[in-house]
Amino acid sequence: MSWLTRLREGLSKTRKQLNEAAGDLSTDVREAFTRLDTVEDLEYALIAADVGRAATEEILEDVKASDRRNLQEALMDALTLQLEPDARRAQFRRLGFTPDARRAVVDPRGHVVMIVGVNGVGKTTTIAKLGEYYMSRGKSVMFAAGDTFRAAAGAQLAVWGERLGVPVVQGPEGGDPAAVAYDAATARAARGTDLLFVDTAGRLHTKHNLMEELKKVRRVIDKADPGEPADVWLVLDAVTGQNGLAQAKKFHEATPLTGVIVTKLDGTAKGGILIPIVRELGVPIKFIGVGEGAHDLQPFDSQEFVRALFDVEIPRGS
Ligand SMILES: Nc1nc2c(ncn2[C@@H]2O[C@H](COP(=O)(O)OP(=O)(O)O)[C@@H](O)[C@H]2O)c(=O)[nH]1
Ligand SMILES: [Mg+2]
């Protein structure tokens with residue numbers, strides 16, 4: 001099954017919910033805006049999908065001003081625009097462009113990527129999938145088992161490492177995650193490996209000590225691998241919706257994020273959560289996940305996402 005098929009299937013819960021709430025999307029845009037109930041249905045559908053108030057208002061304005069034929073086309077433009085980073089969104093609005101497809105820039109800026117997020121969001125499996133993704137593009141990869149808090153976490157990463165042929169730097173259980181990260185970053189530099197992904201613990205974000213620990217891991221990585229600052233990518237479980245957004249803000253305050261990965265879009269009707277993530281964090285979404293399989297994680301592409309959401313064919317070669 002191709003990625004686009006999996007993506008379309010993965011987004012089916014969000015699509016179903018949106019279609020049920022939004023009313024007839026084949027309605028002519030101008031006609032729709034003469035009827036209050038149509039606009040209200042649309043507004044309700046967007047809020048229910050966790051798009052957020054501010055974005056919903058902007059989307060309705062954009063739809064109203066659109067010269068597209070019907071609500072669905074206008075809505076697709078407006079949603080795609082919301083998923084563009086801030087600066088581009090502002091530019092598109094000023095110049096009146098319609099957004100075009102562009103995959104997220106997913107290459108880390110340096111050699112080390114710290115993966116953070118609360119327990120169970122999919123950090124460890126995402127690291128395995130990222131390893132596979134970059135190796136298939138000719139990069140050499142290493143993992144660091146920086147979640148020393150849970151006994152099973154190191155073992156889980158070790159199993160993945162073995163399966164993928166990726167070296168895994170482990171520390172003693174209950175040991176200092178910063179020490180593991182330091183050893184791994186030093187080893188990476190010595191071996192000249194292209195990319196090191198550092199797994200981290202995910203105890204609840206309300207615990208001050210987790211954030212302190214992450215800051216420390218970040219500092220030792222930068223010390224062991226000076227020159228390029230490490231990337232910090234947050235893994236968010238889409239099922240948690242707005243609560244995930246609150247988590248993201250906490251992590252962003254502790255260790256400024258350079259990317260977000262949204263997993264489990266297949267398990268939620270609230271796929272609209274991607275919009276407030278982009279708007280309110282100002283951090284690009286790098287990858288999205290729609291399942292547990294190795295190929296269920298792919299770079300995020302705003303136009304591809306919106307087309308899949310509405311089950312619209314994606315033109316070849318785009
Ligand atoms: N349905 C679904 N499950 C996922 C996805 N990503 C990860 N998972 C599952 O989520 C569970 C927790 O993953 P894990 O990597 O251990 O989370 P961690 O605690 O953050 O390291 C595992 O059962 C994964 O297979 C996804 O995109 N969709
Ligand atoms: Mg884990």
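Counting begins at 1 with the first residue of the sequence. As the structure is a prediction and not an experimental result, all values here were calculated from the model. Counting starts at 1 for both ligands and their atoms, in listed order. Hydrogens, waters and symmetry mates are skipped; everything else that's a heavy atom, side chains included, is used.
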> Heavy atoms only: give me the nearest Gly241-Asp50 pair and the separation to one decimal.
CA-OD2, 3.3 Å
> Taking 2.8 Å as the upper limit, name the protein N, O or S atoms near the Mg ion (ligand 2).
Thr124 OG1
> Taking everything shown except Phe149 itself, do over 12 heavy atoms lie less than 6.0 Å from its CZ?
no
> Any cation-pi pair here, Arg137 with Tyr133, using under 6.0 Å and within 45°?
yes
> Please output the residues near ligand 1 using a strict heavy-atom distance under 4.0 Å, listed in chain and residue-number order.
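These residues qualify: Val118, Asn119, Gly120, Val121, Gly122, Lys123, Thr124, Thr125, Lys129, Arg150, Gln156, Thr263, Lys264, Asp266, Gly289, Val290, Gly291, Glu292.
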> For Lys249, does the NZ atom sit with more than 12 other heavy atoms under 6.0 Å from it, leaving out its own atoms?
yes
> So, Arg6 and Asp296, do they make that salt bridge, N to O below 4.0 Å?
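The answer is yes: the pair qualifies as a salt bridge.
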> Can you give me the closest heavy-atom contact between Ala238 and Lys264, atom names plus distance?
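The pair with the smallest heavy-atom distance is CB-O, 4.0 Å.
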> Using atom types as modelled and distance alone, determine if a side-chain donor or acceptor of Arg188 lies under 3.5 Å from a backbone N or O of Asp225.
no
> Might you point out which heavy atoms bring Trp233 and Pro108 nearest each other, and give the distance in Å?
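Taking every non-hydrogen atom into account, CH2-CG, 4.0 Å.
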> Answer yes or no: does atom CZ of Arg53 have more than 12 heavy-atom neighbours from other residues, nucleotides or ligands under 6.0 Å?
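At most 12 heavy atoms, drawn from other residues, nucleotides or ligands, come within 6.0 Å of this atom.
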